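First comes the structure, then the notes that go with it.
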Amino acid sequence: AVIEGNTARLRKGGVAIITASQAGDDKFYPAEDVQQVLDVHSIQMADLQDVYCAGSSFQLSYEIAGTFDASNIFTLELSSPSGSFENPRILGSQYGNTSGIFSGEIPTDLEQTSSYRLRIKSSAPRGVVEADRSVTVDTAPSVVSFSGPVSPTPLNNSVSVSLAYSDRELSEGLIDWGDGTVTSGAIDGTHVTGSHTYSTTGVFTVNATIRDACGKEAQASYQYVVVYDPYGGFVTGGGWFNSPSGSYISNAQATGKASFGFVAKYQKGSSVPTGNTDFQFHAGDLRFKSTSYEWLVVAGYKAMYKGVGDLNGASGYGFLISAVDGTKNQNPSPDKFRIKIWDASAFVVYDNQSGAGDHAEATTSLGGGAIVIHDGGKSNSGATRSIGSEEQPMTETDETPTTAFPNPFNDVFTVEFHSAIDADVIIDLVDVTVQSLYEKTHAFNGDGLYTVDLGSRGECAGDSDVDRAVVVDDD
């Protein structure tokens, strides 16, 4: 005990005997000693861990001094995140009047902070409290944001992603790039970053997993990383398929034939593809026409591209095309086509593969027509060749083999015509009666592709109306 004047301060609990005595002097005899036996109650917690993981089990031993009633209840309390015991959370309670151990689980809904406090209270005698101890709680990490490239990335160029997180101590950050490659990201206390170079074209979902010192995880996905080959192939297609019920959201019961025609290609060295896409769903009175493309990915027997266009004459609609050239598949299969159209608020207007992810392979087989993936900017048909050269210019008597696609078509198709002569090209389309349907002079195009749009008034000759046509090569 520490004596300060007439006050005694006890350093620990247990039975304490306080004795008061007076020695006396020349006038008084010594006084008789006076003793007071005190039963001092105390609770002493064992040392705490440096960090308690939310959701983990714990054991906390404690020792008591003094005599506690047999009806006594010991209670383990956790403060608020700010350290207040005004409304404590009970982590455990148990009957007893001896030293013991609390066993339990740290709640999972706590905040990550070092300001929590723990204390043990008794009920009999009431009010005996172990001096509270500060405790650090580590909760599961949380993802704040996950960012990546907004624009398509050329093949063999580096792609970088950055994940912002909140956690006391992150121990690992893994990045799955979606092409079979998984790397460990760099951790700087607030972000996990990483870079990767794709060796194949495609539309990739990047998944990240972060893990903290308690083994708790959080995941996030970035969609999508688009990797394209500006010097690769291109895709054309035309035909029809049976639109399943539920495809046209505003008229879910509508089914029947839907027709399409498209071409999508990168001009040499360009980062933005060009072409045209036309789609009609007759039962739903729906017509869509592209106005521009954003990206194009050609990978083996599959092609996918994204852009914007007009729906029934109204602008501001996005679209996504997924196409399969079944003849290029290792196991030949029917050609397949998917188109998804959405408005400015991202509300899906039409999707013949409703519910599938944006990067899912097309599954709707064509009822007629074909989809052709052209290798390296050349037609798969082998029917094209360069016409003319400086040494041997093309003359009026030279044959001029061409390819038209898609074939059959609705009102938009592309003519592929290669020439070494930089001169205007005149395209003339006639019907079986040799009546002219279209005649127009096109400026020379080095890649040999010329778009014919019969839906554009002023480009059509006469009053002919072409609903569906086939290009026939007289050769």
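Quick note: residue numbers are just sequence positions, from 1. Just so you know, these numbers come straight off a predicted model, no measurement behind them. What's counted below: heavy atoms across the whole structure, side chains too, no hydrogens, waters or symmetry copies.
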Return the orientation label for the F262 and F337 ring planes: parallel under 30°, perpendicular over 60°, tilted otherwise. parallel

Between the NE2 atom in H374 and the OG1 atom in T236, the distance rounded to the nearest 0.5 Å is 3.0 Å

Check whether any side-chain heavy atom of L110 sits under 4.5 Å from a side-chain heavy atom of L78, and report yes or no. yes

Y266 ring center within less than 6.0 Å of Y228 ring center: yes

Would the distance check show the side chain of R133 and the main-chain N or O of M45 forming a donor-acceptor pair, the cut-off being under 3.5 Å? yes

Under 3.5 Å, side chain of D212 to main-chain N/O of G215, donor-acceptor pair present? yes

Please report the closest heavy-atom contact between I339 and N352, naming both atoms and the distance. N-OD1, 2.8 Å

V324 side chain near D335 side chain, heavy-atom distance below 4.5 Å: no

Parallel, tilted or perpendicular for F146 and Y222, by the 30°/60° rule? perpendicular

V161 versus G148, closest heavy-atom pair with distance: CG1-CA, 4.1 Å

For Q49 and V51, indicate whether the former's side chain and the latter's backbone hold a donor-acceptor pair under 3.5 Å. yes

One pair to check against side-chain hydrogen bond (donor to acceptor under 3.5 Å, both in side chains): S82 and S80. What are the steps and the verdict? CA-CA 5 Å; S82 64; S80 69; 3.0 Å; yes

Do any N or O atoms from the side chain of T364 and from the backbone of K336 form a donor-acceptor pair under 3.5 angstrom? no

If we only count heavy atoms from C-beta on, is the R168 to T136 side-chain gap below 4.5 Å? yes

Do the side chains of R338 and D351 get close enough for a salt bridge, i.e. N-O under 4.0 angstrom? yes

Residues D310 and K289 bridged, charged N to O under 4.0 Å: no

Any side-chain to backbone donor/acceptor pair from T153 onto V227? Under 3.5 Å, distance only. no

State, yes or no, whether a side-chain contact exists between Y52 and F58 at a heavy-atom distance under 4.5 Å. yes

Is N329 reaching over with its side chain to a backbone N or O of S333, donor-acceptor style, under 3.5 angstrom? no

Taking all atoms of both residues into account, what is the closest heavy-atom pair of S122 and P125, and its distance? OG-O, 2.7 Å

Find out whether F204 and Y224 are in side-chain contact, i.e. whether some heavy atom of one side chain is under 4.5 Å from a heavy atom of the other. no

Show me, pair by pair, the donor-acceptor contacts under 3.5 angstrom made by side chains of residues 173-182, not counting sequence neighbours?
from: D176; atom 1: OD1; to: G178; atom 2: N; distance (Å): 3.0
from: W177; atom 1: NE1; to: T183; atom 2: OG1; distance (Å): 2.9
from: D179; atom 1: OD1; to: T181; atom 2: N; distance (Å): 3.2
from: D179; atom 1: OD1; to: T181; atom 2: OG1; distance (Å): 3.2
from: D179; atom 1: OD2; to: H196; atom 2: NE2; distance (Å): 2.8

Mind checking whether I373 and K328 have side chains closer than 4.5 Å, heavy atoms only? yes

If only atom types and distance count, is the side chain of S270 paired as donor or acceptor with the main-chain N or O of Q267 below 3.5 Å? no

Which pair of non-hydrogen atoms, one from I101 and one from S61, has the smallest distance, and what is that distance? CG1-CB, 3.9 Å

Does any non-hydrogen side-chain atom of Y116 lie less than 4.5 Å from one of V135? yes

Given the rule in the side chain to side chain contact (heavy atoms under 4.5 Å, CB included) test, do W240 and F260 qualify, once you have shown the distances and angles that lead to the verdict? CA-CA 6 Å; W240 62 273; F260 66 91; 5.7 Å; no

Provide the closest heavy-atom pair for T451 versus H442 in the form atom of the first, atom of the second, distance. O-CE1, 3.2 Å

The salt bridge (Lys or Arg N to Asp or Glu O under 4.0 Å) partners of E105 (sequence neighbours excluded) come to none

Between F319 and Y305, what is the ring plane arrangement, given parallel below 30°, perpendicular above 60°, and tilted in between? perpendicular

Would R287 count as a cation-pi partner of F281, with NZ or CZ less than 6.0 Å from the six-membered ring centre and within 45° of the ring normal? no

Side-chain (Q280) to main-chain (A258) donor-acceptor, under 3.5 angstrom: no

Could you report the tightest heavy-atom contact between P81 and S115, atom names first, then the distance? O-CB, 3.0 Å

Pair E361-K302, salt bridge (charged side-chain N to carboxylate O under 4.0 Å, His left out): steps then yes or no: CA-CA 8 Å; E361 182 176 315; K302 298 182 291 186; 3.8 Å; yes

Verify whether the ring centers belonging to Y350 and F279 lie closer than 6.0 Å. yes

Salt bridge R211-D167, side-chain N to carboxylate O under 4.0 Å: no

Using salt bridge (Lys or Arg N to Asp or Glu O under 4.0 Å) as the criterion, list what pairs up with K340, not counting sequence neighbours. D358

